[in-house]
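Quick notes on the structure that follows.
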Amino acid sequence: MAANGSRTRLRNRNARAILIYVVMVIAPALVAIALLTGANNDSSAPSTAKMMVGHPLAQLLLAVAVVVGACKAAGWLVQRLGQPPVIGEITAGILLGPSVLAALWPSGAAVLLPKAVVPQLNVLAQLGVILFVFLTGLELNTKLLQGRGQLALLVSHVSISLPFLLGVALAVFAYLKFAPEGTGYLAFALFFGVSMSVTALPVLVRILQDLGLFRTEVGVVALTCALIDDVTAWSLLALVVALVTASSMMGVLLTIGLTMVFAALMFFVLRPLLARWVTRMKPHHVRGIAPLALVAILLCAMATEWIGVHAMFGAFVFGMIFPRDNLIEEWLHDKVGGLTAALLLPLFFAYSGLRTEIGLLGANLELWLWCGLILVVAVAGKLVGSAMAARAVGESWNHSWQVGSLMNCRGLTELVVLNVGLDLGVLSPTLFTMLVIMALISTAMSGPMVVWLRRKDQSSVVQADFSVSRTDRKAA
C-alpha cells in the first residue's frame, strides 16, 4: 500500500511538473514567437524568419526542440487517455505540418519549421527509421513460436494475404484516380496491398504491456503472429521496392539474387561469428566495443540500399541475427533504443506530418468517401481475417476477436512503408494522406476494442460461474 501511494505521489508530481513546464516555459515561448512574427509589419524591419536564415544550425536546433517537445507532450496526453504514446506522437507530427500549423499560423510555422531544415530533418528521420527497424529485428523472440508455429503461421499469413488481396482489388479502382503520372499499375497495386497488410510489432508490444496482456494466452498468440507478420511484411516490402526500382526484369532478378546472397551471408556466416565473438566478450570491454555494432548496422543498411531493396531491410536482418541475452544487446537497447525513441523517431513523425496534407481532401466528399472505404477495407482484411483464422485453429470467438484487434494495429511501421512509397513516387500525396489517416484510426482502435472484449469475456465467465453455483445449490 505504501509503495502504491508513493508511486501515485510520484506520478502526480511528474504530471504537475509537466503542466508547470508547459504553462511557464512552452506557452510563453510561443507567445514571444507570435509577438515577434506578428509585430514586424514594417517592411524595413527584418522578420524573425529572415533573421534566422543566416543561422542554419539555430534553425535546426529550434525545429528539433519543437518537434521533440510536441511529440512527447502529445504522447503523454494520449497515454493518460489509455492510448499508446505513438498515437499522440503521430498526431503531433500531423499538427506541426501543413494540415494545421502552417494553415492556421503560417508565419509561426516559417520560424518553427522552416523549409530549409526539412532536408536535414529527413536525414535524421531516415537514420531513426534504420535504428528503429534494427531494434524491431532485435526484439523478435523466436522462442515464442515453440508449440505455436502452426497457429502463428496460419493467422499471420491470413492477416497478410487477405488485406493484401483486398488492397490489390481496391487498387484496380483507385489506380486511375490516385496513381502518380508514370506509375505502372503493378507497382501501385503491390504497394497498395502492402500498405494494407502491415502490423506494428513494437506498438503491439506496448499495448500488451499497458493492458497487462503481455504474458496471457491472447498476448502470446498475438505476439507470435505479429512476429511472423513482421518478417513477412518487411520481406514483401523489399521485394516490392526491388520491382519498383529495377529498370527491367533482369534488374529485378539481379536485385532479388543479390538480396538472397546478402541474407545467406548474414544468417550462415555472420551470425555464428557474432555468437562466438559475443560469448568471448569480457564485461569490461563492452563499453568500448559495443559501439561497433552501430557501425555494423549502418554498413548492413548501406549494403541493401545499394542492392536496391532499401536500407531498412539490411538493418532488420542484422537485428534478427544479432545474439540475444548479452551485455551488448542490453547496451543497444538502452543507448540506441533510448536515443531513437527520445530524439530520432519524433523527427520521423514530424517529417511524415510535413508530408501529410489533410487540406488536399478539403471539403471534397468523394475523397473523404475514398478515405472511409480504405479504412473499412483495411480493418476488414486485417481484423476480420485474423479473427477468422484464429477461430479456425481453435481459439474462442472472444479471444479470436482480441487477436484480430491487436493485429489491426499498424502504427509506426505503416508510416515507414508509406514514406517509402511516397519517396519512390508510387503513392500520390493525396493517397499518402488517406493512408496515414487509416493507420492512425486503425491503431487507435486496437486498445479500446481489446479492453471492451476483455470486459465482455470476464462478465461471461462471471455469469457462467454464477449459473454453475445456482445449479449446484439446486442439486443439493
Side-chain angles (χ1 to χ4, degrees), residues 78 82-84 86-87 90-91 94 154-174 178 189 191-204 206-208 211 213 218 221-222 225-226 229-230 232-233 236 356 358 361 367-392 395 397-418 421 427 431-454 456:
V78 300
Q83 289 284 357
V86 68
I87 295 292
I90 294 174
T91 304
I94 295 174
L154 177 63
V155 176
S156 64
H157 282 182
V158 169
S159 75
I160 288 179
S161 61
L162 183 57
F164 183 87
L165 175 62
L166 293 176
V168 170
L170 186 58
V172 173
F173 306 98
F178 297 113
F191 237 101
F192 207 91
V194 171
S195 68
M196 296 285 184
S197 310
V198 171
T199 293
L201 179 63
V203 180
L204 175 61
R206 184 58 183 267
I207 291 174
L208 292 175
L211 297 179
L213 293 173
V218 169
V221 169
C225 295
D229 192 295
D230 231 35
T232 307
L236 189 59
T356 303
I358 297 178
L361 306 184
L367 293 181
W368 282 108
L369 288 174
W370 267 102
C371 187
L373 179 60
I374 289 171
L375 176 63
V376 170
V377 169
V379 172
K382 199 72 173 176
L383 192 156
V384 178
S386 301
M388 293 299 168
R391 177 59 180 165
E395 291 292 324
W397 274 116
N398 188 283
H399 285 187
S400 298
W401 286 115
Q402 287 187 52
V403 170
S405 301
L406 290 166
M407 295 296 288
N408 191 43
C409 166
R410 289 175 171 85
L412 174 57
T413 307
E414 176 77 4
L415 284 189
V416 174
V417 173
L418 297 182
L427 302 178
L431 185 57
F432 175 84
T433 299
M434 292 179 179
L435 291 170
V436 168
I437 294 173
M438 178 272 291
L440 193 60
I441 295 175
S442 61
T443 305
M445 291 170 57
S446 298
M449 281 196 68
V450 173
V451 170
W452 178 75
L453 287 166
R454 285 187 70 199
K456 192 174 180 181

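Just so we're clear, the structure is a prediction, and the values are computed from it rather than from any experiment. Start at 1 with the first residue, then count along the sequence.
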For the residue pair I94 and L440, establish whether any side-chain heavy-atom pair is separated by less than 4.5 Å. yes
Is a donor on one side and an acceptor on the other found under 3.5 Å between the side chain of N398 and the backbone of L453? yes
Residue pair S405 / S446: nearest heavy atoms and the distance that separates them: O-OG, 3.0 Å
Closest approach of S442 to V379 (non-hydrogen atoms, all atoms of both residues): CB-CG2, 4.4 Å
Given W370 and L361, is the side chain to side chain contact (heavy atoms under 4.5 Å, CB included) satisfied, shown in steps? CA-CA 10 Å; W370 267 102; L361 306 184; over 6 Å; no
Contact summary for F178 and L367, nearest pair of heavy atoms: CE2-CD2, 3.7 Å
Correct closest heavy-atom pair for V158 and G385 would be CG1-O, 3.4 Å
Could you walk me through whether L431 and I374 satisfy the side chain to side chain contact (heavy atoms under 4.5 Å, CB included) test, starting with their C-alpha distance in whole Å, then the side-chain angles of each, then the deciding distance to 0.1 Å, before giving a yes or no? CA-CA 10 Å; L431 185 57; I374 289 171; 3.8 Å; yes
Side-chain contact test, heavy atoms from C-beta onward, threshold under 4.5 Å: evaluate it for R391 versus H399 and give yes or no. no
First locate atom NZ of K456, then atom CH2 of W401, and finally report the distance between them rounded to the nearest 0.5 Å. 10.5 Å
Give me the atom names and distance for the closest heavy-atom approach of L154 to A389. CD2-O, 4.2 Å
Decide yes or no for D229 and S159: does some side-chain heavy atom of the first lie under 4.5 Å from some side-chain heavy atom of the second? yes
If I take atom CG from residue L418 and atom OG1 from residue T356, how far apart are they, to the nearest 0.5 angstrom? 8.5 Å
Test side chain to side chain contact (heavy atoms under 4.5 Å, CB included) on M438 and V377 and set out the steps. CA-CA 10 Å; M438 178 272 291; V377 169; over 6 Å; no
If we only count heavy atoms from C-beta on, is the L236 to F164 side-chain gap below 4.5 Å? yes
Specify the closest pair of heavy atoms between G404 and S386, including all atoms of both residues, with the distance to one decimal. CA-CB, 3.7 Å
Flag the pair I437 / L375 as yes when at least one side-chain heavy-atom distance between them is below 4.5 Å, and no otherwise. no
For K382 and T199, what are the C-alpha separation, side-chain angles and deciding distance, and is it a side chain to side chain donor-acceptor pair (under 3.5 Å)? CA-CA 9 Å; K382 199 72 173 176; T199 293; 3.1 Å; yes
Between V168 and F192, is any pair of side-chain heavy atoms under 4.5 Å apart? no
Rounded at 0.5 Å granularity, tell me how far CE in M196 sits from CZ in F191. 13.5 Å
Atom pair CD (Q83) and OG1 (T443), whose distance is rounded to the nearest 0.5 Å: 9.0 Å
Value rounded to 0.5 Å, distance of CE in M445 from CG in L383: 6.0 Å
V194 vs I160 side-chain heavy atoms within contact, under 4.5 Å: no
Non-neighbouring partners of N408 that pass side-chain hydrogen bond (donor to acceptor under 3.5 Å, both in side chains), sequence neighbours left out: R410
Does the side chain of M388 come within less than 4.5 Å of S400's, by heavy atoms? no
Can S195 and E414 be said to form a side chain to side chain contact (heavy atoms under 4.5 Å, CB included), step by step? CA-CA 7 Å; S195 68; E414 176 77 4; 3.6 Å; yes
